[in-house]
Amino acid sequence: MTSDDGLVRAVEAVLFAADAPLSLAELRRHVGGDAAIEDALATLRAHFAGRGVELVERGGRWHFQTAADLAHLLRYDRAESRRLSRAATETLAIIAYHEPVSRAEIEAIRGVQVAKGTLDVLMEAGWVRPAGRREVPGRPLTYATTPAFLTHFGLISRRDLPGIEDLRAAGLLDPAEQSENDVAMSGDGD
Amino acid sequence: MTSDDGLVRAVEAVLFAADAPLSLAELRRHVGGDAAIEDALATLRAHFAGRGVELVERGGRWHFQTAADLAHLLRYDRAESRRLSRAATETLAIIAYHEPVSRAEIEAIRGVQVAKGTLDVLMEAGWVRPAGRREVPGRPLTYATTPAFLTHFGLISRRDLPGIEDLRAAGLLDPAEQSENDVAMSGDGD
Amino acid sequence: MPDHPDQLVLDLNGWEGPLDLLLTLARAQKVDLRAISILALTEQYLRHITQARAMKLEVAADYLVMAAWLAYLKSALLLPRDPDAEPDPEELALLLQRRLLRLAAMREAGARLVARDRLGRDVFARGAPEGLRTVRRTAYEADLYDLIAAYGRISARTRPVMHIVAHRDVMTLEEAVARVSTQLGMELDWTALERFLPDGGSADYRRSALASSFVAALELARQGRVVLRQQGPFAPLYLRVPT
């Protein structure tokens, strides 16, 4: 067995044993300093392609997961995962496509106030985090998505968000102009 | 992909996602009634042989586990520095000046009991080692310093310990009397 | 979806605000949102609000605000164009359309997002990972000064203990006083101090006896039970019972 194979084995073992996705730095800590980890990951990814288990990258972190087309075999004795409300789904999408984004901006897009519980649910799920305050009057808190969001929704990065390039090209992800928000919207000017 | 491959993929995914080793019956419940599961398991076991992950059977139940020879990769040692406690510093000083010295002797010199953890800390730090048993009733274990101790404290030898000659001249290094039947160290008074 | 959007919107509580209602009405036009007739949409919206109020349904304030704004927009769009009108009603219509597009885009993005293969629902991580352990190794800090200081501290603390000796090879002062007093009774003339010392014993003991006997002699002289005589410094010391 060549030393390359040794590295592939090592990366495979560490990723299998990990209970969370691992970054390159974390992998390197376990398999050794100078290792060509990217090459080993590429080899592994190719090896597992089409198998029952696949190697995936999510937000710079790597993990093994079961192939999507086998979902029906695995849901067997699992409780139906909790459904996201429509408000939470829209709010999550707005944050993911616009981040960082303030509550007022979310409200301007949805046309209604963001209920207190909506952001809480998303933060509790670990998909959304506070992302600092915007340096404008009132210093509103902004929100952004987390690495766990990418992991859960199977996204390599935010660039991988469905249709994000088209939406950006259409100008639909631009910061809303103030005049636009003023269109018969009471209460979200703050 | 043949239907056999499909079964192998299914078994692979189910075993991977399972939170405990699965019996044939349990596997069959997930992947379908009549499936040739034994064949699929044999295929999988051969496929993973020598990789970083292995398929193993224990008492009729199957599960994946990381290859035993790679277990050392699963732990990562991180150094954290912590100041040595006063009790440990005193104990270390006594060992350094009096080695080899038993625990009862250390206690007699310190005038307080030596907690078990204190010697453990010093041995964990690599500064103290067991130095054989004293051939007296009870055969108490003695302790001495290590080369790492000298290195850490910048000493060529224990003779370099500042003040040791002065302290000896002042009679301060005479072993204390033992309350227990531990050691009779009075011999050097004659 | 009910068959007629007209019926549906009577229950305004089912809508997440006027924008949501507008978007649903716009979708009912069954054309691309970009090709939507804002005027037709406006009329539809106003009609529903009017219907709702005719049926004495509670209509939330933000729906009424939107209705008032749309009524203004509608009249501005219908009236002959005033080139100086500010803001331009066509532009306002475009802004409204843009808001609808934006909401529609996010609504669809959300739907696509939650329909993805989600970890823990459609795809699964390893069920029983061995887990990676980070072992924290403690590197203890202590320097030579700490060590020496600690030893000094112990020495100071335990000095009395350290001075206990196994056997006391000495003559105590009490012993010497008793000895000298007894022997003085038998000697009538001047007698050298050395004569009072015991024979034998270790060198340490004899030295101790000499010192103790000397002090005993001084003590007895102070009590007036003995007189001392010495010819000069370091000369022999003589003792005698006072006459």
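The chains referred to below are lettered A, B, ... by the order of the sequence lines, with proteins before strands, and numbering in each begins at 1.
Taking each heavy atom of A/Gly111 and C/Arg99 in turn, the nearest pair found is CA-NH2, 3.9 Å. Here the closest heavy-atom approach between residue A/Ala67 and residue C/Val123 is recorded as C-CG1, 4.2 Å. Across every non-hydrogen atom of A/Thr66 and C/Asp122, the tightest pair is OG1-O, 4.4 Å. Contact detail for C/Gly131 and A/Asp19: the closest heavy-atom pair is CA-OD2, 4.2 Å. Nearest heavy atoms, C/Arg102 versus A/Asp174: NH1-O, 2.9 Å. Summarising the geometry of C/Arg126 relative to A/Phe16, their closest heavy-atom pair is NH1-O, 2.8 Å, with the distance given to 0.1 Å.
Along residues 108-116 of chain C, the residues that come nearer than 4.5 angstrom to chain A, judged on non-hydrogen atoms, are C/Ala109, C/Gly110, C/Ala111, C/Arg112, C/Leu113, C/Val114, C/Arg116 in order of number.
For the options A/Val14, A/Leu161, A/Val56, A/Leu92, heavy-atom pairs under 4.5 Å to chain C are most numerous at A/Val14. Annotation: maximal heavy-atom pairing with chain C below 4.5 Å, among A/Leu155, A/Val53, A/Thr151, A/Leu70, occurs at A/Leu155. For the set A/Ala96, A/Gly154, A/Ala20, A/Pro21, the entry with the most heavy-atom pairs within less than 4.5 Å of chain C is A/Gly154.
Counting heavy-atom neighbours within 6.0 Å of C/Tyr205 OH, excluding the residue itself, gives a total above 12. Open room surrounds CD on C/Glu91; 12 or fewer heavy atoms of other groups in view lie less than 6.0 Å from it.
Note that CZ of A/Arg83 is 8.0 Å distant from CZ of C/Arg121, once rounded to the nearest 0.5 Å. Here CD of C/Glu16 is found 6.0 Å from CD of A/Glu90. Values are rounded to the nearest 0.5 Å.
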Practice problem: Given side-chain contact (heavy atoms from CB on, under 4.5 Å), test C/Asp62 with A/Gln113 step by step and report yes or no. | Solution: CA-CA 11 Å; C/Asp62 48 349; A/Gln113 288 210 324; over 6 Å; no
Practice problem: Show the numbers, then the answer: is there a side-chain contact (heavy atoms from CB on, under 4.5 Å) between C/Leu119 and A/Arg58? | Solution: CA-CA 11 Å; C/Leu119 189 64; A/Arg58 304 286 182 247; over 6 Å; no
Quiz prompt | side-chain contact (heavy atoms from CB on, under 4.5 Å) assessment of A/Phe153 paired with C/Arg118 | solution = CA-CA 5 Å; A/Phe153 289 96; C/Arg118 287 159 61 181; 3.6 Å; yes
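At a 4.5 Å heavy-atom cutoff, the contact between A/His152 and chain C is made by backbone and side-chain atoms alike.
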Which donor-acceptor pairs under 3.5 Å do side chains of residues 164-173 of chain A form with protein atoms, sequence neighbours excluded?
residue  : atom : partner  : partner atom : Å
A/Glu165 : OE2  : A/Arg168 : NH1          : 3.2

